[in-house]
*Asks:* 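This is the structure I want to talk about, given as structure tokens.
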Amino acid sequence: MAPGAPGEIVAGNLALVRQRIAVAAGRAGRDPAAVTLIAISKTFGPAEVHAAVAAGQRHFGENRIQEAEGKIQAAFEHPGSNLEVHWHLVGHLQSNKAKKAAALFDWIHSVDSAELLRKLDAAALERGRQPRVLIQADLAREESKFGADESRIADLARQALECNAVQLAGLMIIPPIPDHPDDSRPWFQRLRELRDALVADGIPKASLAELSMGMSQDFEVAIEEGATMVRVGTAIFGSRS
Ligand SMILES: *Cc1c(COP(=O)(O)O)cnc(C)c1O
């Protein structure tokens with residue numbers, strides 16, 4: 001590969017992000033292997049996904065069904081597609097797209113309503129799939145944000161536990177855009193505390209093991225606060241046009 005070729009840049013960026021994950025985990029006395037790096041490939045094409053796969057990346061995230069559809073297809077047609085690659089939906093999901101989401105994604109981070117959960121479960125059951133889901137928490141209550149209000153999360157978690165196909169795996173948050181990485185810390189702490197409170201309240205710990213929090217700007221802070229999944233786009237693929 002020519003120096004500076006897109007694949008080489010992606011591989012270099014990935015190595016750097018992995019190193020930063022290891023340092024942040026070390027600082028927090030955590031095992032870096034307990035943090036899953038999800039490469040957010042939105043707006044980038046199959047070529048960048050393949051470059052990341054070639055560099056050892058196995059988890060990818062998308063935020064739109066329509067964009068993801070073609071890309072996931074292309075990734076599976078690639079010669080390296082016998083490698084196990086996992087796709088995560090991290091963007092808002094309308095319940096009328098639940099069928100497609102259940103067909104395409106192994107993980108869905110953006111469950112925020114009972115209706116969506118019901119439709120996802122029905123679609124997954126029909127297709128014989130068992131997507132793992134996270135409940136997106138809207139702790140900041142920003143007008144523009146999706147996610148479930150804190151007061152509804154316990155009920156949603158209990159409903160998810162009753163599902164036939166869908167597997168409850170944890171919680172997710174997208175905090176307000178930070179000026180400084182540390183601005184996100186209180187939101188990450190609150191998500192972890194919310195998880196701990198739900199576990200104390202009887203939701204099985206294994207069903208809330210995952211905390212999906214932290215993006216390019218603040219993933220190290222998220223790891224210090226207990227993130228088990230970080231969603232990193234820009235720091236791997238470059239800025240989006
Ligand atoms: C785009 C996106 C990311 C990645 O953002 P970067 O700042 O590019 O790392 C993470 N999570 C969600 C939900 C996103 O939509």
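Every number for a ligand or one of its atoms is a count from 1 in the order of the listing. Sequential numbering from 1 along the given sequence is applied to the chain's residues.
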*Asks:* I need the minimum non-hydrogen distance between S207 and L161, along with the two atoms involved.
*Replies:*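 Heavy-atom minimum between the residues: OG-CD2, 3.5 Å.
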*Asks:* What I'd like to find out is whether the side chain of L37 reaches to under 4.5 Å of the side chain of H59, using heavy atoms alone.
*Replies:*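 No; the side chains remain at least 4.5 Å from each other.
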*Asks:* Between K42 and ligand 1, which part of the residue brings a heavy atom under 4.0 Å of the ligand: side chain, backbone, both or neither?
*Replies:*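 Near ligand 1, K42 shows its side chain, while the N, CA, C and O stay back.
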*Asks:* Would you check if L171 and L134 make a side-chain contact, meaning some heavy-atom pair closer than 4.5 Å?
*Replies:*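 No, side chains not in contact.
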*Asks:* Where is the nearest protein heavy atom to atom 5 (O) of ligand 1: which residue, which atom, and how far?
*Replies:*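 Protein heavy atom with the smallest distance to atom 5 (O) of ligand 1: M215 CE, 3.5 Å.
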*Asks:* How far is atom 11 (N) of ligand 1 from its nearest protein heavy atom, and which residue and atom name does that atom have?
*Replies:*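 Looking only at protein heavy atoms, the one closest to atom 11 (N) of ligand 1 is R231 NE, 2.9 Å.
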*Asks:* Taking 4.0 angstrom as the limit and counting only heavy atoms of V90, give me the atoms of ligand 1 inside it, by number and element.
*Replies:*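 Every atom of ligand 1 under 4.0 Å from some heavy atom of V90: 12 (C), 13 (C).
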*Asks:* Among all the protein's non-hydrogen atoms, which is closest to atom 9 (O) of ligand 1, and how far away is it?
*Replies:*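 That would be S216 OG, 2.5 Å.
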*Asks:* Atom 8 (O) of ligand 1: which protein heavy atom is closest, and how many Å away?
*Replies:*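 Protein heavy atom with the smallest distance to atom 8 (O) of ligand 1: T234 OG1, 2.5 Å.
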*Asks:* Please determine if E84 and R58 form a salt bridge, counting it only when a charged side-chain N lies under 4.0 Å from a carboxylate O.
*Replies:*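 R58 and E84: not salt-bridged.
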*Asks:* What are the atoms of ligand 1, with element, lying closer than 4.0 Å to any heavy atom of I174?
*Replies:*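 Taking each heavy atom of I174 in turn, ligand 1 has 13 (C) under 4.0 Å.
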*Asks:* Based purely on interatomic distance, does A235 place a nitrogen or oxygen under 3.5 Å from a nitrogen or oxygen of ligand 1?
*Replies:*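 It does not: no N or O of A235 is found under 3.5 Å from an N or O of ligand 1.
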*Asks:* State plainly whether the residues R158 and D201 are in salt-bridge range, i.e. N to O under 4.0 Å.
*Replies:*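 Here R158 pairs with D201 in a salt bridge, since their nearest N and O are under 4.0 Å apart.
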*Asks:* In ligand 1, which numbered atoms sit nearer than 4.0 Å to a non-hydrogen atom of V232?
*Replies:*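 Atoms satisfying the 4.0 Å criterion: 9 (O).
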*Asks:* For A124 versus P131, what's the shortest heavy-atom pair and its separation?
*Replies:*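 Result for this residue pair: CB-CD, 3.5 Å.
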*Asks:* Less than 6.0 angstrom separating the ring centers of W87 and F60, yes or no?
*Replies:*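 Here the rings of F60 and W87 have centres that are less than 6.0 Å from each other.
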*Asks:* Just which atoms of ligand 1 are under 4.0 Å from any heavy atom in G233?
*Replies:*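 The atoms of ligand 1 under 4.0 Å from a heavy atom of G233 are 4 (C), 6 (P), 8 (O), 9 (O).
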*Asks:* Could you check whether E150 pairs with R190 (Lys NZ or Arg NE/NH1/NH2 to Asp/Glu carboxylate O, under 4.0 Å)?
*Replies:*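 Salt bridge between E150 and R190, a charged N being under 4.0 Å from a carboxylate O: yes.
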*Asks:* So for H109, does at least one of its heavy atoms come nearer than 4.0 angstrom to any atom of ligand 1?
*Replies:*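 No.
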